[in-house]
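Worksheet: the structure to be examined is printed underneath.
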Number of protein chains: 2
Amino acid sequence: MALPLRERNRLAAAHHIIDTAIDLFDEHGYGQVTVEQIAAAAGVSPRTFYRYFGSKEGLFTTDPYAVIGADQIQPHIDLDDLPGTLRRIVAAVTDPPPEEVAVRAGPPWRGMHYVLQEPAVRAAVYAALDEGSRRFTDLLREKGMSATQARVTARAYWFGVYFGSLEQWHLDGRVRPLGDYIDQALAALQDLP
Amino acid sequence: MALPLRERNRLAAAHHIIDTAIDLFDEHGYGQVTVEQIAAAAGVSPRTFYRYFGSKEGLFTTDPYAVIGADQIQPHIDLDDLPGTLRRIVAAVTDPPPEEVAVRAGPPWRGMHYVLQEPAVRAAVYAALDEGSRRFTDLLREKGMSATQARVTARAYWFGVYFGSLEQWHLDGRVRPLGDYIDQALAALQDLP
DNA sequence: TGACTTCTTGACAGAGTCTGCCAAAACGGA
DNA sequence: TCCGTTTTGGCAGACTCTGTCAAGAAGTCA
């Protein structure tokens with residue numbers, strides 16, 4: 001019971017809205033579902049929906065329900081071991097903390113289909129990735145890395161290894177562990193043409 | 001006079017709208033300017049604006065006025081020489097073909113400020129980069145590269161080297177040639193931690 | 001030049017997104 | 001139970017974007 005009750009309620013409500021929304025998306029298609037419909041199905045007002053998520057795409061990018069929020073990567077970063085960093089972040093995605101599982105109906109990647117297929121969602125996710133890679137860059141700079149090296153490194157890991165692996169993992173049906181994809185991608189990064 | 005009159009008119013009209021829009025943005029701020037105002041100032045109807053650009057952000061991502069359109073990278077790609085590929089693409093950005101210059105009031109990076117600063121524009125640009133990196137990936141695959149290697153390579157070059165350099169170049173005031181940033185970034189890519 | 005076809009434009013209506021605002025309701029601690 | 005704080009709902013309104021259709025401009029051919 002680490003979180004105050006109010007926050008837990010908020011968390012549960014957010015998860016409920018997300019799950020309701022994805023149910024509707026699965027049934028009617030992302031573009032055919034309006035925020036008004038989601039709100040009605042979830043038993044809240046549209047105004048409340050926007051307070052929670054800011055936009056329809058916000059369903060997929062709002063902390064702590066994002067693919068991975070910028071706030072959440074920070075604790076995993078070890079600049080002396082970037083491959084290990086990537087693997088820890090991945091573990092956080094595939095094995096969410098217990099208190100989240102308790103209120104979540106589906107797995108954290110339930111909405112991944114829409115992240116990959118819907119341009120609007122994809123754009124929102126890229127914005128989140130952008131934010132994450134910026135923080136990553138800043139941390140690398142603080143460690144003494146040059147601006148160019150930090151920028152290229154952060155982006156290569158973030159967009160190339162992380163998001164790329166997440167995408168391919170999903171496209172392949174999530175049969176093999178995500179970690180395998182990360183390992184492959186990390187190896188590929190060492191062997192660029 | 002390579003292009004038919006209709007297309008030249010269209011091109012000129014698009015450039016005129018873009019320039020008008022950026023004038024307004026510079027004066028009032030991106031968020032304070034509505035499409036209706038842009039259209040009025042450019043002497044077209046809002047409907048026409050949407051036909052040209054699809055959205056307000058489309059001003060920055062619609063071919064051939066995008067930072068770089070997916071269609072335009074293809075001719076520059078030489079899979080046996082990726083650094084050279086990057087440099088040719090950069091040259092296309094900084095040295096636009098004559099027929100474009102003729103109808104363009106400002107330099108091609110006139111709107112770069114908004115690309116970097118406005119979240120909505122940035123998201124749209126990422127969508128365009130995403131599209132570009134996908135095509136890049138496909139081409140690499142056709143050349144026999146493995147799926148993972150192609151994905152990581154395309155993303156590292158596209159998001160890490162290309163967009164990263166473009167961003168830093170602008171942030172530094174575009175004093176040094178963009179090519180220098182590309183060269184630096186390419187070197188950094190060979191020396192990832 | 002005049003007619004014919006094709007593409008482009010403007011106007012309008014309407015659905016959907018998102019925000020500011022304020023009063024009502026719910027909550028959680030004392 | 002009571003009270004201060006937080007959350008919610010409802011409403012008005014601005015803005016974005018799309019479908020549709022008739023009017024206008026551009027290009028073609030005789």
Side-chain angles (χ1 to χ4, degrees), chain A residues 1-18 20-21 24-25 28-63 103 114 118-125 127, chain B residues 1-18 20-21 24-25 28-65 103 114 118-125 127:
Chain A
M1 219 160 281
L3 297 172
L5 178 56
R6 240 173 196 150
E7 259 180 79
R8 263 185 299 151
N9 285 343
R10 215 184 143 75
L11 213 66
H15 276 301
H16 175 239
I17 296 172
I18 291 173
T20 305
L24 289 173
F25 296 158
H28 302 106
Y30 182 81
Q32 317 309 315
V33 179
T34 68
V35 169
E36 198 176 342
Q37 292 173 314
I38 298 169
V44 298
S45 70
R47 193 67 189 80
T48 296
F49 177 96
Y50 283 110
R51 256 192 285 262
Y52 272 78
F53 302 106
S55 72
K56 196 173 161 189
E57 292 76 39
L59 282 168
F60 299 92
T61 58
T62 301
D63 289 336
V103 292
Y114 301 101
E118 290 296 329
V121 181
R122 206 175 166 97
V125 168
Chain B
M1 219 158 282
L3 297 171
L5 176 57
R6 242 172 196 153
E7 260 179 78
R8 261 185 301 151
N9 285 344
R10 216 183 143 74
L11 212 67
H15 277 300
H16 175 239
I17 296 172
I18 291 173
T20 305
L24 289 174
F25 296 158
H28 301 108
Y30 183 81
Q32 317 309 314
V33 179
T34 69
V35 169
E36 198 176 342
Q37 292 173 314
I38 298 169
V44 298
S45 71
R47 193 67 189 82
T48 296
F49 177 96
Y50 283 110
R51 256 191 285 262
Y52 271 78
F53 303 106
S55 70
K56 197 173 159 188
E57 292 76 40
L59 282 168
F60 299 93
T61 58
T62 301
D63 289 338
Y65 320 103
V103 291
Y114 301 101
E118 289 297 328
V121 180
R122 206 175 166 95
V125 168

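Convention: sequence-line order gives letters A, B, ...; per-chain numbering from 1.
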Could you run down the sub-3.5 Å N/O contacts of the protein with nucleotides 24-30 of chain C?
{"residue": "C:dC27", "atom": "O2", "partner": "A:Arg6", "partner atom": "NH2", "Å": "2.7"}
{"residue": "C:dG28", "atom": "OP1", "partner": "A:Arg6", "partner atom": "N", "Å": "3.4"}
{"residue": "C:dG28", "atom": "OP1", "partner": "A:Asn9", "partner atom": "ND2", "Å": "3.1"}

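Applying the 4.0 Å criterion to OP1 and OP2 of C:dT9, one finds that B:Tyr52 has a side-chain N or O inside that range. B:Ser45 has no side-chain polar atom (N or O) that falls below the 4.0 Å cut-off from OP1 or OP2 of C:dT9. Close to D:dT20, at under 4.0 Å from its OP1 or OP2, lies no side-chain N or O of B:Arg47. Taking 4.0 angstrom as the limit, B:Thr48 places a side-chain polar atom (N or O) nearer than this to OP1 or OP2 of C:dG10.
If you take OH of B:Tyr50 and C1' of C:dT9, they are 16 Å apart, rounded to a whole angstrom. Atom P of nucleotide C:dC12 and atom CD of B:Glu36 are separated by 12 Å, given to the nearest angstrom. Rounded to whole angstrom, the span from the CZ atom of B:Phe53 across to the P atom of D:dT18 amounts to 14 Å. Across the protein-nucleic acid pair, A:Phe49 atom CZ and C:dC18 atom P stand 8 Å apart, rounded to whole Å. The CD1-P distance, from A:Ile38 to C:dC18, rounds to 10 Å in whole Å. Rounded to whole Å, atom P of D:dT7 lies 13 Å from atom CD1 of A:Ile17. Summarising the geometry, the separation between NZ on A:Lys56 and P on D:dT16 is reported as 18 Å, rounded to the nearest angstrom.
Taking every side-chain heavy atom of B:Ser55 into account, D:dC17 is the closest of D:dG9, C:dG10, D:dC17. The side chain of A:Arg10 has D:dT8 as its nearest neighbour among D:dT8, D:dG9, C:dT8.
Across all non-hydrogen atoms, the minimal contact from A:Gln37 to A:Gln32 is OE1-O, 3.4 Å. When every heavy atom of B:Glu57 is checked against every heavy atom of B:Ala124, the shortest pair comes out as CB-CB, 3.6 Å.
Screening A:Thr20, A:Val33, A:Val121 against A:Phe25 for a side-chain contact (heavy atoms from CB on, under 4.5 Å) leaves a single residue, A:Val33.
Between the NE2 atom in B:His16 and the CD1 atom in B:Ile18 there is a gap of 11.5 Å [rounded to 0.5 Å].
The cationic atom of B:Arg10 (NZ for Lys, CZ for Arg) lies less than 6.0 Å from the six-membered ring centre of B:Tyr52 and within 45° of the ring axis.
Aromatic ring orientation, B:Phe60 versus B:Tyr114: tilted (interplanar angle from 30° to 60°).
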Could you walk me through whether A:Ile17 and A:Phe53 satisfy the side chain to side chain contact (heavy atoms under 4.5 Å, CB included) test, starting with their C-alpha distance in whole Å, then the side-chain angles of each, then the deciding distance to 0.1 Å, before giving a yes or no? CA-CA 10 Å; A:Ile17 296 172; A:Phe53 302 106; 3.5 Å; yes
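Between the axis at the start and the axis at the end of the helix from C:dT1-D:dA30 to C:dA30-D:dT1 there is an angle of 30°, using five pairs per end and rounding to 10 degrees.
The 5' end of DNA chain C is approached more closely, in terms of each residue's nearest nucleotide, by B:Arg51 than by the other of A:Gln32 and B:Arg51.
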